[in-house]
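Remarks on the structure that follows.
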Amino acid sequence: MDALHADEDTLARRRARRRRRSSEADEATATLDLGAPMTLRARDLDRFERTSSGATTSNECHAKSRRIAPSTSGRSPSEMNTLDLERNAATFANAFGVDAAAVVSPGNAGVDPYRAIVRCAEKFCIDRDGAEHSIEDVERAGEEEDEAADDSRAVALTSASLMEGVRAFFVNFTKKRAEALGNALIRMGGSVCERADDSVTHVVACEESSALTKALESIDREDVVKITPEWITESYKQRRPLPVSATNFEPRTRVAVIADRPHSQEAATSSGDSKALAVRVRKERENALAIRRSSGFGTIWTSDLADNEKLEKSRSKFSCQPGEHNEKAMPIECNTKVADLLKGMADIYEDALRDQYRAKQYAAAASALRSLNFEITSINDCDVVPMLKKKDGKIRKYVGEILNTGKLKALEELRARPDVKACLELCGIHGVGPVTARSLFAKGYATVADLRARAPENLLTPAQKIGLKYYEEFKERIPREEVGFIATAVREAANTFQKDEVHCYCVGSFRRGKETSGDIDVLVECRDYSLANELLMHILSDLRPGGTSPRSGILTDDLLVGDHTYMGVAALLKPLKDDDDKPPIHRRVDIKVYDSESLPTALLYFTGSDKFNRSMRLWAKKKGFNLQDKGLFADRSQAQASRVRAKGEEDVFDALGLDYVPPEKRNV
DNA sequence: AGGCAATACTG
DNA sequence: CAGTAT
DNA sequence: GCCT
């Protein structure tokens, strides 16, 4: 224990050093942080509170935290009275910028208020991510509402009658899109008309056209309005019908401009009216290319068009695109046995044999087989997987062996090796990679238990010691609700920052819709990036033990504190469910601060998945771009001059000539 | 034969 | 710089 | 280990 404390001291000193570098205002909050012993853990705090022997500040803290806490202790959730719910709702609304009425509502009576809030929180994190939303998103949200109807109306509440009295006629849409928009509209209480007759109140179109004019002429009523699909989707997003006037119709435009020369800079900043450079979204993906060619940015396309066509043809092979295999996959998980064994090989190559590229191949094969929609029974079934096509491929042979014998000899031999066994276990410690693992094994440490029992003080780095301490806890998956809850705490902490407007996004597998996550990723948007470090420190002070906020103590350890990056450990102050007397599990938390400009690419990056990212970056690279978390650049540099402006994630896909893939479909 | 994503932080 | 992480 |  002493060793661990000493390391925490080291970290504390480093934090203090960083803080000293930052502004004076921050100094003030830092004082609060350091005012309490750093060793006070969330669990201790909780115990402290439960014995109700706390000092005034602690009681206050407790009282406050109760408002955001799952439910009031001693009562079952359903017994919680309306006042509690309203208070919860108010806190939630404040934290999320969501209408409190969405939580407190007639439909919500008798529903566990905590669940209602979590649902809204999820809704927030997925929906209000600041990116552009396709109608598919809205439609999906509608489906979720239907599914959730039996146990909670929290999400559906305000949208059900949003479009009451709206009768829409769609002009110039593909059948699929019109249907999607129509369904969304119907879910919001509106209706769709097949013909342009006098019952139509809203004509929906993307741009002026003769068909639009004709439709408007054949509707004989004064109050008919023409709107864009965005009116529907935006109204849904904001949970209120946006103002409709005859003037709000404007073709949906999108600017994908590289701001290097003065004229294009101008165009980029006044995106709304830069019609010359603007281009409609839904046109062919060639558009992005066309824009840049016609805008005098020809240098981007160093490769000739033939090359480009070739690349274009291989597009569906990139796992960041819904190729044939990815598309219909997923109803059930198949080929578990084969995939698990191949994954076993991958892990060994990665952690013990230090061959990341071989590892990647095995992992890719495993994942490809897992996501097939049928069970392979013969080696020839491998033909549908591109990377297993070649008859003499090694992995293909292994698959054959597994199909025939049910075993993989090579894997069993590797697993029998003591060094392999040790490296696999040791690499499970956060901060220990293949090299350290091997060196530890060479020094005579083969297991986590060995290290805990007899590792000398200076053997491990501070971060590794924390990894060791929470070895078992970090392996636990985190339920979605808990991810949402901790992310909410971060968001609330960020919202107490007064100097700049701040938005938070819960990303990672949470944003991809997963029921459980391995860690919690929170992305913070700071408009004035010069305040980024100050903001990050502010958030940390709020969440660390010894502070005065209701969230104080949620962060228990730091792994890394950078200027715009935080990696650490968090645990709930109290269990989510009242009847759960197990102490909360410690979780990995990442917080990253970005400026508004790089938000779309940062979202893209931290939403993952890993494989999706790598694939998309590879594609970008082949197109001559450079895709990073900080932005998309039109050449291999990251010079501001070559930055491709993006308002949302969709713009990034557009610019790269890729079809937009919503977060839930990035689980490749 | 050479590439396989691209970056931040630590010691 | 190598190592680990995202 | 697979792809170009």
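A note on names: the letters A, B, ... follow the listed sequences, proteins ahead of strands, and every chain is numbered from 1. The basis for the numbers below is simple: all heavy atoms, side chains too, and nothing from hydrogens, waters or symmetry mates.
Note on Arg438(A): nothing from the nucleic acid sits closer than 4.0 angstrom, heavy atoms only. As judged by a 4.0 angstrom heavy-atom cut-off over every strand, Asp590(A) is placed among residues touching the sugar-phosphate backbone only. Among the atoms of the strands shown, none is found under 4.0 Å from any heavy atom of Asp355(A). Residue Arg636(A) is in sugar-phosphate contact alone, with no base atom involved, counting any heavy-atom pair closer than 4.0 Å across all strands shown. Contacts of Lys630(A) with the nucleic acid, taken as non-hydrogen atoms under 4.0 Å apart, involve only primed sugar atoms and P, OP1 or OP2. Met616(A) comes within 4.0 angstrom of nothing in the nucleic acid, heavy atoms only. Among the protein residues, Tyr605(A) comes within range of the nucleic acid bases, having at least one heavy atom under 4.0 Å from a base atom.
When atom types are taken as modelled, the side chain of Arg666(A) and the backbone of Asn613(A) share no donor-acceptor pair closer than 3.5 angstrom. In this structure, Asp629(A) contributes its side chain and Ala602(A) its backbone to no donor-acceptor pair below 3.5 Å.
In this structure, the CG atom of Leu440(A) is 13 Å from the P atom of dG3(C), given to the nearest Å. To the nearest angstrom, P of dG1(D) lies 10 Å from NZ of Lys397(A). Atom OH in Tyr362(A) sits about 7 Å away from atom P in dC2(D), given to the nearest Å. The separation between Gln356(A) atom CD and dT6(C) atom C1' is 14 Å, rounded to whole Å. Rounded to a whole Å, the CG atom of Leu604(A) is 14 Å from the C1' atom of dT6(C). The distance between atom CG of Asp392(A) and atom P of dG1(D), rounded to the nearest whole Å, is 12 Å. Atom pair Leu632(A):CG and dA6(B):P shows a separation of 12 Å (rounding to whole Å applied). One interatomic measurement links the two molecules: CZ of Arg358(A) to C1' of dG3(B), which rounds to 14 Å at whole-angstrom precision.
Here the side chain of Pro462(A) is nearest to one of dG11(B), dC2(D), dG3(C), namely dG11(B). Listed nucleotides: dC9(B), dA5(C), dC2(D). Nearest to the side chain of Asp563(A): dC9(B). Taking only side-chain atoms of Leu560(A), from C-beta outward, the nucleotide of dG1(D), dT6(C), dT10(B) with the closest atom is dT10(B). Listed nucleotides: dT6(C), dT4(C), dC2(D). Nearest to the side chain of Pro434(A): dT4(C). In the set dT6(C), dC4(B), dG3(C), dG3(C) carries the atom at the smallest distance from any side-chain atom of Thr436(A). Listed nucleotides: dC2(D), dA5(B), dA6(B). Nearest to the side chain of Lys360(A): dA5(B). Listed nucleotides dT6(C), dA6(B), dC2(D) differ in distance to Ile395(A); the shortest reach to its side chain belongs to dC2(D).
In this structure, Lys621(A) reaches the dA6(B) phosphate: one of its side-chain N or O atoms is under 4.0 Å from OP1 or OP2. Between Arg396(A) and dG1(D) there is no side-chain polar atom (N or O) within less than 4.0 angstrom of OP1 or OP2. An OP1 or OP2 oxygen of dC4(B) is reached within less than 4.0 angstrom by no side-chain nitrogen or oxygen of Arg617(A).
Stacking of the aromatic ring of Tyr357(A) onto the base of dC4(B) is found: the ring centres lie under 5.5 Å apart and the planes are inclined by under 30°.
Remark: Lys443(A) fails to qualify as a cation-pi partner of Phe441(A) under the 6.0 Å distance and 45° angle criteria applied to the six-membered ring.
The gap from the C1' atom of dT4(C) to that of dA5(B) amounts to 16 Å, rounded to the nearest Å. On the C1' atoms, dG1(D) is 29 Å away from dA8(B), given to the nearest whole Å.
Between Asp595(A) and Lys630(A), no side-chain nitrogen of the basic residue sits less than 4.0 Å from a carboxylate oxygen of the acidic one, so the salt-bridge criterion is not met. Between Asp557(A) and Lys469(A) there is a salt bridge, since a side-chain N of the basic residue sits under 4.0 Å from a carboxylate O of the acidic one. Taking 4.0 Å as the cut-off between side-chain N and carboxylate O, Glu664(A) and Arg512(A) do not count as a salt-bridged pair.
To the nearest 0.5 Å, the span separating NZ on Lys337(A) from CG on Leu369(A) amounts to 14.0 Å.
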